Structures are given as structure tokens and as C-alpha cells.
Student: 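Please find one structure pasted underneath; my questions will follow.
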Protein chains: 2
Amino acid sequence: MATQRRRNGQGSGKANPAEDEAVYQAILHALLEGTLKAGTKLAEPPLAEIFGVSRERIRKVLHRLGAERRLEMIPNRGARVPRPTLDDVRSVYEAHRVLEAGVLTQLVRHVDDALIDRLNAHLAEERAAATRGDRAASVRLSGAFHVYLVEALGNAELSRFLADLLSRSSVMVSVYEPATDSICAVDEHGAIVEALRARDLARAIAVSREHFIHVESRLHLDDDAAPAAEDLTSVFAAVKPKRRKAR
Amino acid sequence: MATQRRRNGQGSGKANPAEDEAVYQAILHALLEGTLKAGTKLAEPPLAEIFGVSRERIRKVLHRLGAERRLEMIPNRGARVPRPTLDDVRSVYEAHRVLEAGVLTQLVRHVDDALIDRLNAHLAEERAAATRGDRAASVRLSGAFHVYLVEALGNAELSRFLADLLSRSSVMVSVYEPATDSICAVDEHGAIVEALRARDLARAIAVSREHFIHVESRLHLDDDAAPAAEDLTSVFAAVKPKRRKAR
DNA sequence: TAAAACAAAAATGTGCACATTTGGCATGAC
DNA sequence: GTCATGCCAAATGTGCACATTTTTGTTTTA
């Protein structure tokens, strides 16, 4: 029994690039969705069983998420969902604000009608979502607006950096709940576009700055008392493991 | 001899966090130094022997460097030193330029005499290095100036992003040799500080922009014909392995 | 002769079996 | 009752033995 040959069933235990991605996406999704609460411990053995994959695979994904700073890795003590402080959140928002100031500076030199049209089209979508009260779409489109601004520059480095910031802040809003009131940022987004159209850099930056300060002001520290470590099985209830062990 | 126990130093064959770091630093250093030429293949077995550690350890470090985008990882095909195109380099410089515009925008709102004094002190160092013809120090200090600017904001996210850009561009200059002429950027750095002191945002951004365009203009595509895959043993000749196998 | 086909060798990827470390819990001392 | 100490179970980290893929070198074929 010691020298069992390990000829495990169908898929084989070897080489499955898609499996990594599936686990990665599942955990990432749970993180972004807010299903995984801050402070939750992500141990390898339970995850391995839940997803029906080897522990090594879980380990690799966990460390990858740690490298992306989406999980907090402590040597010999595993992975936890980070519990960002209010300062951390402010730091992310400030970084976004500073970055966008630079982006606008560069953009006013290269605006053309096509860009303005595209941005206006996006604003129309945002307004439509807000009008019909679709909060999820509003949040998504609201973030997408800033992505559009950066991507207008066509710089991969900057786009990646923004994506990093956004993914982190989207996790944070689930902790610091930017409240229930509507995003109400559409008008401010419109003001930015208008300033861009007029090639008025100073105004664009001022409006953008106001916009961020406005958003930041809505952050509030809920509580740090009841993070409540959840049951991982229920969090990932949706996933269908290849072969979960019987209970 | 085949079953050597690998009794590294005190511990045992297990758990040595410092060993990872040593390998990581060695490879990173070779990358930044330019000793590892672009396009070089970094295979696991030879590196494992050179450093006298297990292949798994090498593998972990390689993947970490890949996650940091310092190495190009291709599934099933290993790691290579990236061969940045001229567009890649321009992209990094542009990102730095855009970021610095944002940083300056934020900085003019918070400048104080202490900051100006610190920056001026740094400029003095730069000039001293240039005067005595210390090219290595000039390059280092020249990069440090921009780091100072960002760190004056005290934002960890922005600092990290700049560090990422700088480490990448420093690798690139070794490919596109920004020429031998002196850095000559000291005056431009001084102009930025001067504009900051005067709280003149428009001038600060303009000067910074000119500075970057100036630097970018010096980039030139040398050749892509002779990358020459090197012998890894000679590249890492300095490292002293715990136990290198006999030849 | 050049291209295609094949075989051997090397390199990468992965599961598993431990070694090491951490955390919890019971036992004992003050 | 509280704190310290020592064990035991669980979790993390690592080397190793393959499986799989890629690469290289040789032979065959048009």
C-alpha cells in the first residue's frame, strides 16, 4: 500500500492548466463579490476538498493571489482575506486620484471628437442604469468610466495599474460599504468629460479631484468586531467539485 | 553519493526561508545589473545545480519573478529574460511621465520648505556625482530623484508602482543603452524643484514632460541580432553554492 | 538536398510522503 | 482563578518520483 501507483481515475492527476484557472477565478470572484469576508482564513486542506483538486493546486493559487496582494500570506500560517484599514482604503483612493490627474494631463493633449463621443455614450449608459435603479450596473459602469479614461491613452502599464487599484477598492467597498445612496457620480463624470472637451486641464483635474473626495467622504468604518470567520463550504457552495469525498 | 542528504548548514533539508530570498536576490541582481542578457533562457536544472538548492526552490523563485513581470513565463516552456520592444520601453517611460504629472499635481498642494530643502540636498548629491564623473552613482541618484518625488506623497501604492516601473526601465536601459553621454538631467531635475518651490504646477509639469521626452529621445534600438544566450554558470560565478556537484 | 517523420533526451508540471511549525487543550503550579 | 508548561492534532513547506510536454538529433522519404 505504501507504493501505490497512483493511477487516479479519469482526468489523471497530471497537467491541467484549466483547473488552476477555475480555482483562481472562483476564489477571486468570491473575493470581489464580498462573499469572503475580511479576516477569513483560507486553509489549504478544506479548499482542496471543496474544489476536488490536490492541495498543491490550491497552494499555488493561494500564493498567486498573495503575490497579487489580494490575500495576506503569512509564512507558516497560511492565507487570510486582508482586513484593510481605513487608511489603506484612503491610500488606494488617493493613488487613483493622483493617477487620474496624470491621465487627464496627458489626455487633454490628445482629445478628439471620437473620444468625447465614446465617453458621452458611456455616460448615457450610466444615466440609464441610474434611472432604472440598477445599482449593480451603476457600480460597474461607474468604475468602467475611469477605466475608459485610462485606456484612452493606450498605455498597458497604466491600464494594469488602474485595474489593480480598482479590484482592490472594489473589495474594500464591501467592507466599508460606501453606503446605499445612489452612485450619483454620473454628473461628476459628465463634468470631467465636459472639461476634457473644452481642453480645460485645470477644470478637469479640479472636477476629478472633487469627485474622488466626494466618494472618499462616503466611506465609513462600520465595525471590526464581527468579521465572523465563515464556513468555506457554504461560501463556495456553487462550485461543483470533480470528486468530493463523501461526508 | 546519489543519496546525499543535503544537510544544509544547521537546519536540515527542510524549511529554509532565507534560501529562497538568496536565490531571488541573486537572480534579480543579475537582471538589474544587466548581466543576464535579454532572451536568455533560465532553465531550472542548471540553476538548481549552480545555487546548490533543490529544483523546487528555483521553480518557486522563477514563478515569483514571472508574477512580478521580470521574467517571461511560458507554460511548459520555462522562463526567459524578457526582450522588450522599443514600444515596451516607451510605454514604461510614458507611464512614468503620466504618473509624475499626477504626483506633481498633488505635490504643489502640499509643498513645504522642508521638502524643497530635501530635494535640493539631493540635487547637490547628483551634481557632485556628475562632477566627479561617477556614472553609476549618477544613474542611481537620477532615478532616486523621481522616487523622492513620489515618496513625498507618502502613498504606498504609488511608491510601489513607481518602483515597478523603475526596475523595469533599468533593465531596459541595458538593452537600449541610453548612451554614454552624461545623464545631464540634473539641470532638468533642478528646474522641476524650482517650479515646485514656486508652486507653479503648469511649469512643473511642462518641465517634467520635457525631461522625460529628452530621456526617451536618447533611446535607440541597438540590435536584436546578437542576444547571445550566455552560460549561466559564468553569469552566477559569484554565488557560492552550499554543495555544488563536482564536474 | 531538403523536408518530413520519428525517436531519444531533457525540461516542465504535479501528486504524494514526510519534516517542521503552529495552535489548541489539558494538566499542573502559584 | 489565572497563568505557565507541555503535549497532540492540524496546517504549512519541501524533496522526490514520476507523467507530460517540448526540444533535439537522426533517419527516412520525396
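Here is the naming used below: chain letters follow the sequence lines, and residue numbers restart at 1 for every chain. For clarity, every value in this text was computed on a predicted model and none was experimentally measured.
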Student: Looking at A/R57 and C/dG13, is any side-chain donor or acceptor paired with a base atom of the opposite kind under 3.5 Å?
Tutor: no

Student: Distance-only, no hydrogens or angles: does the B/H122 side chain make a donor-acceptor pair with backbone N or O of B/L141 under 3.5 Å?
Tutor: yes

Student: In terms of the nearest nucleotide of DNA chain C, which residue is placed more toward the 5' end: A/S54 or A/P75?
Tutor: A/S54

Student: Residues in ring pair (Phe, Tyr, Trp, His ring centres under 6.0 Å) with B/H63, at least two apart?
Tutor: none

Student: Checking B/F212 now: which residues fulfil ring pair (Phe, Tyr, Trp, His ring centres under 6.0 Å) with it, not counting sequence neighbours?
Tutor: B/H96, B/H146

Student: Can you measure B/E19 atom CD to D/dG13 atom P for me and round it to whole angstrom units?
Tutor: 15 Å

Student: What residues form a ring pair (Phe, Tyr, Trp, His ring centres under 6.0 Å) with A/F145, not counting sequence neighbours?
Tutor: A/H189

Student: What is the distance, to the nearest angstrom, from the NZ atom on B/K60 to the C1' atom on D/dT12?
Tutor: 11 Å

Student: As a test of reading the structure: which of C/dT14, D/dA11, C/dA11 is closest to the side chain of A/P45, going by heavy atoms?
Tutor: D/dA11

Student: Kindly compute the distance separating CG (B/L86) from OG (B/S91), expressed to the nearest 0.5 Å.
Tutor: 11.5 Å

Student: What does the inter-axis angle of the helix from C/dT1-D/dA30 to C/dC30-D/dG1 come out as, five pairs per end, nearest 10 degrees?
Tutor: 10°

Student: Quick one: which of D/dT21, D/dT14, C/dT21 gets closest to the side chain of A/N76?
Tutor: C/dT21

Student: In whole angstrom, what separates A/E44's CD from C/dT22's C1'?
Tutor: 13 Å

Student: Nearest 0.5 angstrom please: A/Q25 CD to A/L32 CG, how far?
Tutor: 9.0 Å

Student: Nearest whole angstrom, please: distance from the P of C/dG13 to the CG of B/L62.
Tutor: 10 Å

Student: Sequence neighbours excluded and cut-off under 3.5 Å, please list the side-chain donor-acceptor pairs for residues 66-75 of chain B, or say none.
Tutor:
unit_1 : atom_1 : unit_2 : atom_2 : d
B/E68  : OE1    : B/Y24  : OH     : 2.8
B/E68  : OE1    : B/R70  : NE     : 3.3
B/E68  : OE2    : B/Y24  : OH     : 3.0
B/R70  : NH1    : B/S167 : OG     : 2.5

Student: Whole-Å distance between C/dA10 P and B/E49 CD?
Tutor: 13 Å

Student: Can you pull every protein N or O that's under 3.5 Å from an N or O on nucleotides 23-25 of chain D?
Tutor:
unit_1 : atom_1 : unit_2 : atom_2 : d
D/dT23 : OP1    : B/R77  : NE     : 2.7
D/dT23 : OP1    : B/R77  : NH2    : 3.1

Student: Using a heavy-atom cut-off of 4.0 Å across all strands, would you classify B/E56 as base, sugar-phosphate, or nothing?
Tutor: base

Student: Using whole Å, report how far NZ of A/K41 lies from C1' of D/dA11.
Tutor: 7 Å

Student: Show the numbers, then the answer: is there a side chain to side chain contact (heavy atoms under 4.5 Å, CB included) between B/L162 and B/V103?
Tutor: CA-CA 11 Å; B/L162 179 65; B/V103 168; over 6 Å; no

Student: Whole angstrom is fine here: how far is it from CZ in A/R80 over to P in C/dT22?
Tutor: 15 Å

Student: Salt-bridge test for A/D164 and A/R168: reply yes if a basic N is under 4.0 Å from a carboxylate O, no otherwise.
Tutor: yes

Student: OP1 or OP2 of D/dG13 sitting under 4.0 Å from any side-chain N/O of A/R59?
Tutor: yes

Student: It should be established whether A/H63 places a side-chain nitrogen or oxygen under 4.0 Å from OP1 or OP2 of nucleotide D/dT12.
Tutor: no

Student: C/dT14 P sits how many Å from A/R64 CZ, rounded?
Tutor: 12 Å

Student: With rounding to the nearest 0.5 angstrom, report the CD1 to OG1 distance, B/I27 to B/T35.
Tutor: 12.0 Å

